[in-house]
Amino acid sequence: MPPVRFDEFMDEALYGASGFYVGGARPAARGGDFATSPELGTLFARCVAGYLDRTWDELGQPDPFVVVEGGAGRGTLCRDVLAHVETCSHALQYVMVERVDWQRDEALARIADVGMSECAVAAPDLPAGPLVGVVLANELLDNLPFRLLEHSETDWQEVHVERAGREREVLRDAPADAAAMAEAVAPGVALSTRVPLQLKAAVWVRRALRSLERGRLLTFDYGVRRTAELAQRPQSEWLRTYWSQQRGHDPLGAPGTADITCDVAFDQLPPGATLSTQAEWLAAAGIGSMTADARALWQRKRSKPTAEALAARALLDEAAALTDPDGMGAFWAAEWRVG
Ligand SMILES: C[S@@+](CC[C@H](N)C(=O)[O-])C[C@H]1O[C@@H](n2cnc3c(N)ncnc32)[C@H](O)[C@@H]1O
C-alpha cells in the first residue's frame with residue numbers, strides 16, 4: 001500500500017473499523033484511557049450550565065435555545081448540564097454530536113436513564129443551522145486529524161506513514177499550499193522543525209460558526225496561542241498518545257490501541273476568539289462560590305472528618321484538578337460570538 005498522509009493514518013487509527021474510539025475503548029470515563037473535565041465530577045458541568053443560563057439571557061431568551069455539543073462522547077456533560085441549568089431549561093434543546101456510533105447510543109441511553117430523553121438528541125455531525133444558541137466542545141479539536149510538516153533544507157516536507165508490516169514514517173515534498181501554510185504559521189524555523197497543520201479543526205470551527213445565526217461557540221482544549229510556540233518544542237511534547245492514563249509520544253507504535261492528540265494551535269483557527277485559561281474561565285463562572293461551603297466545612301471538620309466533610313474534600317479536590325495551573329487549569333477556553 002502506498003504511504004498515506006499522517007492525518008489519514010490518524011483518522012484510521014482513531015475512527016477506522018479497528019480504531020481506538022471505535023473498538024470499544026473507554027476513552028473519557030473514569031478509569032479509562034484519559035480523564036476529561038466533565039468526567040471528574042459535576043463541577044465543570046455546573047459552570048457550563050450557569051454560562052448557558054447567562055447566554056440565554058444575553059441572547060434575549062430565545063425559544064428554542066439550541067445547545068450543540070461537538071464530540072459529546074458518552075454524554076456525561078450533556079447529562080450533568082441538563083441536571084443543572086435553571087432559567088433556560090424549558091427552552092433548551094441539546095444536540096450531542098458524536099462521530100462514533102456506540103458512544104452516541106450509550107449517550108442516549110444514559111440520558112434516558114435520568115429521564116431526560118425529551119431534552120436531548122444525538123447526531124453524527126454538526127447540524128446545518130441556522131441556530132440560535134451555543135455550540136460547545138470539550139477536548140474535541142485536539143482529536144481531529146492533523147497534517148504534520150517538517151522543514152527541510154530546501155522547503156517543507158510532509159510526514160506520510162507507510163504501512164508495509166510495521167508502520168514507519170516517510171517524508172514527501174509537501175504540496176505548495178500546505179508548505180505555504182506551514183511557512184505562514186511558523187516562518188523561518190530551523191532545519192527539521194515540525195509543525196502540525198490543523199485544517200480539520202479550523203474547518204470544524206468554521207462550520208460551527210456558520211451554523212449559528214446568533215450565539216456563541218465555546219471550546220475547551222489544551223494548546224498554544226501560536227504555532228510558532230510548538231515549532232520551538234520537540235514534537236514529542238505536543239503530539240501525544242494516551243493509553244490507560246499513560247502518556248506516550250509514538251503515534252505509530254500500535255495504531256488503534258491509543259488515543260493520538262495534539263496541542264491546538266489557536267492561530268490556525270478562524271479569528272475572533274476570546275481566549276482565557278480554563279482556570280480563569282471557571283473562576284469567572286463561579287467555581288469559587290460553588291465550592292465555598294465545602295471549603296468552610298472541610299476547614300471546620302478536617303481534624304475529625306465526617307462523611308459529609310470527606311465529600312466536601314472530594315469536591316475541593318475536583319475543583320483543584322479543574323483549575324490546576326500545571327494541568328487542566330492551563331487549558332484554553334476559546335469563545336467566539338456570532339450576531
Ligand atoms: C477526547 S474525546 C472527548 C469526549 C468528551 N467531550 C469529554 O470531554 O469527555 C473526543 C470525542 O470527540 C469525538 N469526535 C471526534 N471527531 C468528531 C467529529 N468530527 N464530530 C463529532 N465527534 C467527534 C470522538 O469520538 C470522542 O468521543
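Order of appearance sets the numbers: ligands from 1, and atoms from 1 within every ligand. Reckoned from all heavy atoms, side chains included, excluding hydrogens, waters and symmetry mates. Residues: numbered from 1 along the sequence shown.
For Arg110, the side chain to side chain donor-acceptor pair (under 3.5 Å) partners two or more places apart in sequence, or in a different chain, are Thr76.
Every atom of ligand 1 with a heavy atom of Glu139 under 4.0 Å away is listed here by number and element: 1 (C), 2 (S), 3 (C), 10 (C). Each of the atoms 25 (O), 26 (C), 27 (O) of ligand 1 lies under 4.0 Å from some heavy atom of Gln103.
Which of Arg104, Arg207, Glu98, Met96 comes nearest to atom 24 (C) of ligand 1 through a heavy atom is settled by distance: it is Glu98.
Residue pairs meeting the salt bridge (Lys or Arg N to Asp or Glu O under 4.0 Å) criterion with at least one member in residues 193-208, sequence neighbours excluded, are Asp7-Lys200, Asp125-Arg207, Glu150-Arg194, Glu169-Arg194.
The closest approach between any non-hydrogen atom of Phe220 and ligand 1 is not below 4.0 Å. Residue contacts with ligand 1: Gly70 is excluded, as none of its non-hydrogen atoms falls under 4.0 Å.
Distances between N or O atoms of Thr36 and those of ligand 1 include at least one value under 3.5 Å. For ligand 1, the polar-atom distance check against Glu39 finds no nitrogen or oxygen pair separated by under 3.5 Å. Here's the thing with Gly71: one of its N/O atoms is less than 3.5 angstrom from an N/O atom of ligand 1.
Checked against the 6.0 Å centroid threshold, Tyr51 and Trp281 count as a close aromatic pair.
No donor-acceptor distance shorter than 3.5 angstrom exists from the side chain of Arg104 to the backbone of Ala122, with no hydrogens or angles considered.
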Side chain to side chain donor-acceptor pair (under 3.5 Å) between Trp156 and Glu183: does it pass, once the steps are laid out? CA-CA 8 Å; Trp156 288 89; Glu183 192 59 36; 2.8 Å; yes
